[in-house]
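Below: the structure, in structure tokens.
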Amino acid sequence: MQHESSSDAFAGDLTPSWLSGTPVRVEPPESGEESPRHERVDVDALTKGLTEPQKAAVVTTEGPVLVLAAAGSGKTRVITRRIAYLVNVLGIPPWQVLALTFTNKAAGEMRERVTHLLGGEGSRQMRGLTVTTFHSLCARLLRRYAIAAGLKEDFSIYDSGDQASLVKKVIEACQFSTANFPPRSVLSAISNAKNQLLGPSEYAARAMDFSSRNIAKIYAGYEKALRGANAVDFDDLLMLTAKMLKEKAEVRDELRERWQYVMVDEYQDTNKAQFVIASLIAGEGARASGSTAAPEGRPTGANICVVGDPDQAIYGWRGADISNILDFEQHYPGCKTIPLGENFRSTAPILAVADTLIRNNKRRKHKDLFTKKAGGDAVEAILCRDERHEARLVTGWLRKVHEGSTEETKYRSTAGNAEDLKSISSGTSVLGHSGTFPWKDMAVFYRTNALSRVLEEAFREANIPYTIARGTAFYDREEVKNAVGYLRVVANAADDVSLERVINTPARGISDATVDKLQLEATRAGVPLLEICRRVDPSWAAADMLNARAVGSVQKFVQTYDMWTGAGTFLGATVSGSLADLVDRVIKESGIEDMYRKQAAQSKSETDEERLDNLAELVSSARQFELEYDPSSDAAMDVPTRGGAAATPPLLALLRAYLESIALVADADAVDPSQGSVTLMTLHAAKGLEFPAVAMVGMEEGLLPHSRAVTSPSDAEMEEERRLCFVGITRAMQRLLMTAAKYRTMRGTPERTIPSRFLAELPQQHLRVSDQSDTFADLGAEWDEGRGEDVEFGAGRPMRPAGASSGSASSGGRAAAGMAGQFPAGCTVRHPQFGIGTVKSVSPGAQARAVIEFREAGTKTLVLEYARLTRVG
DNA sequence: CAACGACGCTCGAAA
DNA sequence: AGCGTCGTTG
């Protein structure tokens, strides 16, 4: 989102409008109100312009339906019209319709398009219609039915950072070492378990080996700590909801009664928990109640309609189970399957490339992709020298596409690096391309976030407006995390992880040692950390538990905290009713604003100024949220009996909803074409989107497919990588560029790469391949050491690994160990770039480093690449 | 008690 | 290249 680009050129409206997202609008059927049948439109209007299969998907409303929607087959169009058809033509009350997506962006778009079809915002035909994400729905349900779920309604939602610090504490508390049990892998094991609906005891029952038995202990401790902090993690949102729906018949029946029609988008990416949630809400038989306005002759069976494409399943690693969609027909016997194969998005060459690629997968439901459109540019594939060359080449390509001209003079005037542009037009003159494209119609995809950095630099250099799709980027900033940390403790006094983060930020004399002591007391007493802080008084100093200074600091902190909450009532005179005011007060009175202001004054660096801006922006985002928030969406969850909602102070409810919206932001939510900039994002975030012009970078073995898939013994991961590549290709409507770099610097060391096998799988007749890796003598001079064997790029057969020598230069501790002997201190060496130098010292260890003084360069330099050193004396 | 530098390890995608 | 941890110093 726009927070990413600090440069003035790209600064637009700084209000994150997506933040308000799509409040879940859930309203009860008010008794006595009639279904809004009277504003019906013609059936023909809703099915106009649709193909026969699309029409079938719109009007087949009863019973289970599986829509196999190939990429670009008009899926969203079908779903939105189907909802409109249900409400407008069949007269189904809108509150009986539930549509689930994966991102807020998708939900917002769907809602907007349905709103358009159903007479605008506020229309009676929209009332209570629920279009939202799985995670939002679950968060709402868990608050509404907190007791049934075994929670308290003011729970916090922990993000991965919070999870990491919590699990680390637990590992230590279990007397394990974080070396033997890296928090990262423990968390991934726990996440996997939760996605399969295995709680700590179920997990323990399955844990046979030493390691997983211990992980089971950590898992149990982690769950206990979460509940103690009155918190849930992302996976809990799904798991606890699924569990509640399974175990609590009253809740299940209530929701089943309410949502008679369930739709799930991107069904291929659902995991077990999501499968259970969707099917339990949809139910399986005829409803007992006759009070709802169902059309006559409705067959029995769940009205569940799932839409997806097995070829686009890319979330296996986070528990998505592709068999949910592959086996849907078995789960729901008698279901109707509607394949949508015709592509309305991409040109024929792009589609042919995608189709040829995906045919290499074995585990799939084959369907023919076809388009009726003719013509279109060939897909371009370019081999670059290194990642910097690649980035410049991509910006050059984008500018050329933007300006819609092959005349060199045209871009020379704006680009500033004519060399780049020359390289593009030379050799591969592009014929018959399709006019000009605004920046917002273009996107760059990459496999890993690490690749975005070089691209950013190139975009700034080329002066092309860009936006990075990282929804959470803003909330990942240190200063914002601190402010949000305070707010979370305000909303949930038991939130120990957040309290620990902020209790001494800014430094207020509560040291780590003090916090440890308090924490120990809290654990002993079984109460939250803040509660222990409350109990601190001078007697603690007398008893030698804390020093007197610490006692004062803690007491002062508790006082400050109580000012914000009105001592827990939120009704105290010092607390205004405005969320933005609260956020503003917390930022000021906590001292974090002053802290950053001082830093900014001292360092005078731009990033410190930015921090202050970000804090100000957080306040304005709260104000924006406040303006757009619809309290009835929360209150109306109190189905069917009203009342009780008033017990929660409005400000607290508002704060909770705000924090929830922050927690559930998705990367893809940050995609905002109205910004008029090129969008940079991961291939995963690109799912579900489309762009007239697309560039995919880093088409190399080890990146796409990712190295983990390359080393994996099973085909499953490799097939998922191929689908990921397929997803990227099929986002492109008219122009597609794929690039690979011959050399790429990863983890600080440059390495020779091998072009992706996927490039070799593409059909040659639709590709325009060019090797430009030798175009720039200046850029690549340091690499010219006779290692450049020719790369056969997309030769229609698998790539031969480019020589066994390629990786040896910088990998392996074995060679590193010998370095000290090879280059003793005092010896003279030659480096291809820095010239003659003297070795000052060599550090042993796996990461061998030599400090070398180069006379010619006149500087001391750390050299990691000993392979490029030659001893001369 | 805070701040800083040296050192060593890791490194995939995400709600 | 980035991050967290450790030890030293102010």
Side-chain angles (χ1 to χ4, degrees), chain A residues 21 101-107 132-139 157-161 163-165 168 178-179 182-185 187-188 191 194-195 232-238 266 269-271 273-274 314-320 445-451 453-454 469-472 475-476 504-515 547 549-550 553 599 660-669 681-687 698 702-710 712 717 720-721 723-724 727-728 745-750 813 843-849 851 862 864:
Chain A
T101 65
F102 275 79
T103 66
N104 299 308
K105 172 111 191 307
T132 187
T133 66
F134 270 104
H135 284 86
S136 287
L137 175 79
C138 291
I157 300 172
Y158 276 2
D159 64 24
S160 357
Q163 289 181 52
S165 36
K168 224 172 116 193
T178 48
R184 233 185 116 84
S185 46
L187 276 174
S188 111
S191 176
K194 289 188 177 181
N195 285 329
V232 300
D233 65 20
F234 285 125
D235 301 313
D236 280 340
L237 289 174
L238 302 178
E266 306 281 10
D269 285 324
T270 52
N271 62 25
Q274 287 160 325
I314 55 174
Y315 281 106
W317 54 272
R318 67 173 201 206
F445 303 153
Y446 35 82
R447 175 68 232 264
T448 68
N449 279 309
L451 298 192
R453 195 164 277 270
V454 210
R470 284 213 88 184
T472 53
Y475 301 102
D476 282 343
N504 200 33
T505 312
R508 52 168 69 87
I510 305 175
S511 71
D512 290 350
T514 306
V515 175
N547 67 40
R549 221 165 78 190
S553 303
Q599 272 182 31
E660 186 174 298
S661 76
I662 287 174
L664 300 181
V665 174
D667 280 357
D669 297 343
M681 67 184 116
T682 61
L683 282 161
H684 283 91
K687 187 185 75 166
L703 268 180
L704 185 66
H706 191 267
S707 50
R708 294 270 272 258
V710 176
S712 165
E717 285 190 64
E720 183 155 310
E721 295 293 307
R723 291 193 293 266
L724 193 53
V727 165
T745 300
M746 304 202 67
R747 319 163 198 155
T749 52
S843 65
Q847 275 269 305
R849 273 176 234 213
V851 180
L862 286 183
L864 299 169

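Within every chain, numbering begins at 1; the chains are lettered A, B, ... in the order of the sequence lines, protein sequences first and strands thereafter.
With centres under 5.5 Å and a plane angle under 30° as the test, the ring of W317(A) is not stacked against the base of dG12(B). Between H706(A) and dA13(B), no base-stacking contact is recorded for ring centres under 5.5 Å apart and planes less than 30° from parallel.
Applying the 4.0 Å criterion to OP1 and OP2 of dA15(B), one finds that N195(A) has every side-chain N and O outside that range. The side chain of R318(A) places no N or O atom within less than 4.0 Å of a non-bridging phosphate oxygen (OP1 or OP2) of dG12(B). Here N449(A) reaches the OP1 or OP2 of dA13(B): one of its side-chain N or O atoms lies under 4.0 Å away. For dA2(B), the OP1/OP2 oxygens have no side-chain nitrogen or oxygen of S511(A) closer than 4.0 Å.
Contacts of R447(A) with the nucleic acid, taken as non-hydrogen atoms under 4.0 Å apart, include base atoms. Among the heavy atoms of the strands lying under 4.0 Å from T514(A) are primed sugar atoms or P, OP1, OP2 only; no base atom is included. Across all strands, Q274(A) comes closer than 4.0 Å to no nucleic acid atom at all (heavy-atom distances).
The two residues L703(A) and L451(A) come nearest to each other via the heavy atoms CD1-CD1, 3.9 Å. When every heavy atom of D669(A) is checked against every heavy atom of N104(A), the shortest pair comes out as OD2-ND2, 2.6 Å.
Rounded to a whole Å, the CG atom of L451(A) is 12 Å from the C1' atom of dC11(B). Rounding to whole angstrom units, CD1 of residue I510(A) and P of dA2(B) are separated by 10 Å.
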N/O contacts under 3.5 Å, protein versus nucleotides 7-10 of chain C?
none

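Note on ring orientation: taking the six-membered ring where Trp is involved, the planes of H684(A) and Y315(A) are tilted (angle from 30° to 60°).
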